[in-house]
Enquirer: 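Have a look at this one before I ask anything.
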There are 2 protein chains.
Amino acid sequence: MSDLRKKIIQTALPLFEAKGFHGVSVNEIVEQVGTSKGGFYHHFSSKDELLFVIHDTFISYVLENAEKANAEFNSPTDKLQAIVRSFVKVFDLYKPHISVFYQEHIYLRPAYELQIKQKRDQFKQIIMQAIEEGKQCGEFRQDISVEITGMAILGMVNWTYKWYQREGVKTIEEIGDIFVDLILHAILHERFLDQNAFASILLSQK
Amino acid sequence: MSDLRKKIIQTALPLFEAKGFHGVSVNEIVEQVGTSKGGFYHHFSSKDELLFVIHDTFISYVLENAEKANAEFNSPTDKLQAIVRSFVKVFDLYKPHISVFYQEHIYLRPAYELQIKQKRDQFKQIIMQAIEEGKQCGEFRQDISVEITGMAILGMVNWTYKWYQREGVKTIEEIGDIFVDLILHAILHERFLDQNAFASILLSQK
DNA sequence: TCATACAGACCAACCAGTCGGTTTATCGTG
DNA sequence: CACGATAAACCGACTGGTTGGTCTGTATGA
């Protein structure tokens with residue numbers, strides 16, 4: 001990929017994050033980059049395409065990782081753990097992307113929106129399926145709602161983009177561990193919850 | 001409050017929710033309402049004020065409820081339960097407000113932004129304090145991080161605005177119950193987690 | 001008569017996107 | 001290596017359209 005294209009994306013990202021898609025004009029972007037309107041529109045067909053590219057790089061990465069984790073592990077507990085851990089890490093790598101993703105998705109043109117939605121739904125499906133499996137094979141509690149629990153987990157993790165800071169007291173890995181701990185305490189079947197069994201499950205993944 | 005002012009807010013809300021603050025022009029709003037630019041600017045000093053009012057009605061309501069719940073109960077478990085339950089209910093009452101709140105807050109002018117941020121921080125503080133108390137008095141696990149757990153709970157609940165639908169299979173009260181159940185399983189001290197003790201805590205609130 | 005409520009033509013500012021033109025890199029050929 | 005040609009990369013003045021906000025005027029009710 002061309003250098004200028006990369007530089008435009010890198011420059012636009014924090015601007016969008018801070019001021020929103022409509023708070024930043026193309027003129028402002030090209031000025032910051034040190035290029036021109038011509039340069040911009042040589043690499044992007046529209047301002048919307050820039051927005052789409054930002055969305056897509058993030059969601060593609062997340063989906064890929066989730067599919068890997070999903071394929072690698074067998075037990076639902078291990079699967080869910082791996083998915084959550086890798087998902088949380090993304091918030092360190094792609095925080096600006098994610099902020100833009102969740103704040104500005106309304107402004108995506110329908111054709112773009114559709115592509116993004118498909119990948120997002122796939123990702124959601126992977127999580128829901130892991131919970132469903134865990135319920136059926138008895139690792140998770142029988143009395144949890146798959147749908148609501150899935151959305152609760154998604155919400156808990158997704159919300160990280162609102163508050164996570166690289167300079168904070170906890171590293172992203174620590175945050176991931178805490179999330180996994182909370183989730184497993186919340187949904188694991190009682191028989192796995194005594195100290196030793198639980199510790200061994202937690203450690204099995206590290 | 002004047003009828004027209006109310007009607008403008010009610011009309012603008014779903015428009016902002018669907019198309020975003022910048023996707024809806026003042027002309028479009030006044031056309032839908034059946035009034036004129038003059039009518040609009042007689043009641044609002046700017047388009048931004050309309051955005052602020054939407055933010056403020058929601059966050060003020062949430063904060064008020066949380067303060068009530070906080071004052072009414074003594075044990076941290078009861079407090080946290082009541083706060084979460086009342087918070088979740090808000091997503092049924094104020095869903096459009098909340099969508100706008102989380103999607104368009106970047107576009108608030110600094111002076112408005114500051115007012116909103118203060119109330120939001122107060123609310124956050126109430127939750128954090130409840131968790132801290134629960135830890136100290138032994139109702140909650142000793143090994144949880146107050147900050148991260150608090151943000152996890154906030155995220156789980158806040159994210160509801162992305163998926164909750166009034167016509168869905170679960171009512172908002174049921175969703176609230178599930179959230180409380182997940183949270184308490186995740187953070188309650190083990191000694192409260194055997195079936196009977198837990199059921200009694202859950203029921204004590206209903 | 002006077003203030004409040006509303007109407008709607010109007011304006012300055014801004015913005016995404018275009019387009020003719022210029023520079024720079026690439027490469028085949030003698 | 002030199003040279004010319006072809007295309008890709010980039011420049012920036014310009015435009016058509018839209019937007020938030022203003023201002024003068026009118027109607028209504030106390």
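In what follows, every chain begins at residue 1, and chains take the letters A, B, ... in the order their sequences are listed.
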Enquirer: Rounded to whole angstroms, how far apart are NE2 on H22(A) and P on dA13(C)?
Expert: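 Rounded to whole Å, this separation is 23 Å.
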Enquirer: Can a donor-acceptor pair be found between the side chains of S99(B) and Q103(B) at a distance below 3.5 Å?
Expert: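 Side-chain D/A pair, S99(B) to Q103(B): absent.
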Enquirer: Any donor and acceptor pair, going by atom type alone, linking the side chain of K79(A) with main-chain N or O of I127(A) inside 3.5 Å?
Expert: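 No, the answer is negative, given that no donor and acceptor are paired below the 3.5 Å cut-off.
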Enquirer: Show me the protein contacts with nucleotides 21-26 of chain D, counting only N or O atoms at under 3.5 Å.
Expert:
{"unit_1": "dG21(D)", "atom_1": "OP1", "unit_2": "R109(B)", "atom_2": "NH2", "d": "3.4"}
{"unit_1": "dG21(D)", "atom_1": "OP2", "unit_2": "Y41(B)", "atom_2": "OH", "d": "2.9"}
{"unit_1": "dG21(D)", "atom_1": "OP2", "unit_2": "K47(B)", "atom_2": "N", "d": "2.7"}
{"unit_1": "dG21(D)", "atom_1": "N7", "unit_2": "K37(B)", "atom_2": "NZ", "d": "3.0"}
{"unit_1": "dG21(D)", "atom_1": "O6", "unit_2": "K37(B)", "atom_2": "NZ", "d": "2.4"}

Enquirer: For the residue pair H22(B) and Y107(B), is the inter-centroid distance of their aromatic rings smaller than 6.0 Å?
Expert: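 Yes, they do, as the ring centres are separated by less than 6.0 Å.
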Enquirer: Evaluate the side-chain proximity of F16(B) to T11(B): yes if any heavy-atom separation is below 4.5 Å, no if none is.
Expert: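 No, side chains not in contact.
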Enquirer: Looking at side-chain heavy atoms only, is the closest gap between D3(B) and K7(B) below 4.5 Å?
Expert: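 Heavy-atom side-chain distance check fails, nothing below 4.5 Å.
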Enquirer: Are F140(A) and L80(A) side-chain neighbours, meaning at least one heavy-atom pair lies under 4.5 Å?
Expert: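 The answer is yes, as the side chains (C-beta and beyond) meet within the 4.5 Å cut-off.
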Enquirer: Sort out for me which residue in K135(A), Q129(A), Q136(A) forms a side chain to side chain donor-acceptor pair (under 3.5 Å) with E132(A).
Expert: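 That would be Q136(A); it is the only one of K135(A), Q129(A), Q136(A) passing the side chain to side chain donor-acceptor pair (under 3.5 Å) with E132(A).
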Enquirer: Nearest-Å distance, OH (Y107(A)) to C1' (dC15(C))?
Expert: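 Rounded to the whole Å, the gap is 15 Å.
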Enquirer: Phosphate oxygens OP1/OP2 of dG8(C): is one of them under 4.0 Å from a side-chain N or O of S36(B)?
Expert: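 For dG8(C), neither OP1 nor OP2 has a side-chain N or O of S36(B) closer than 4.0 Å.
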Enquirer: Give the angle between the helix axes at the two ends of the helix from dT1(C)-dA30(D) to dG30(C)-dC1(D), taking five base pairs at each end and rounding to 10°.
Expert: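 Inter-axis angle at the ends, rounded: 10°.
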Enquirer: Hey, are the side chains of T35(A) and L4(A) touching, using non-hydrogen atoms and a 4.5 Å cut-off?
Expert: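 Side-chain contact under 4.5 Å: yes.
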Enquirer: Within this structure, what is the CG-to-C1' distance between D3(A) and dT24(C), rounded to whole angstrom?
Expert: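 Rounded to the whole Å, the gap is 15 Å.
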Enquirer: Rounded to whole Å, how long is the line connecting atom CD of E31(B) with atom P of dG8(C)?
Expert: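 E31(B) atom CD is separated from dG8(C) atom P by 12 Å.
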Enquirer: Taking all non-hydrogen atoms of both residues, which atom of A12(B) and which atom of I29(B) are closest, and how far apart?
Expert: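 For A12(B) and I29(B), the tightest heavy-atom pair comes out as CB-CD1, 4.1 Å.
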Enquirer: Give the rounded distance in Å between these two atoms: CD of E28(A) and C1' of dA16(C).
Expert: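 Between C1' of dA16(C) and CD of E28(A): 14 Å.
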Enquirer: Quick test: give all pairs of protein nitrogen or oxygen and nucleotides 6-9 of chain D nitrogen or oxygen below 3.5 Å, distance rounded to 0.1 Å.
Expert:
{"unit_1": "dA9(D)", "atom_1": "OP2", "unit_2": "H42(A)", "atom_2": "NE2", "d": "2.8"}
{"unit_1": "dA9(D)", "atom_1": "O5'", "unit_2": "H42(A)", "atom_2": "NE2", "d": "3.4"}

Enquirer: Is the shortest side-chain heavy-atom distance between M156(A) and F179(A) below 4.5 Å?
Expert: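 Answer yes - side chains close enough.
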Enquirer: Assign V30(B) to base, sugar-phosphate, or nothing according to its heavy-atom contacts below 4.0 angstrom with the strands shown.
Expert: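 Contact class for V30(B): none.
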Enquirer: Rounded off to whole Å, could you give me the NZ-to-P distance for the K19(B) and dT18(D) pair?
Expert: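 K19(B) atom NZ is separated from dT18(D) atom P by 13 Å.
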Enquirer: Whole angstroms only, please: what is the CD-P distance between E49(B) and dG20(D)?
Expert: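 So the CD-P distance, E49(B) to dG20(D), works out to 15 Å.
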Enquirer: A side-chain contact here means heavy atoms from C-beta on lying under 4.5 Å apart; do F123(B) and E64(B) qualify?
Expert: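 No - every pair of side-chain heavy atoms lies 4.5 Å or more apart.
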Enquirer: Remember a base hit wins even if backbone is also touched, and classify V24(B) as base, sugar-phosphate or nothing at under 4.0 Å, heavy atoms.
Expert: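 Sugar-phosphate only.
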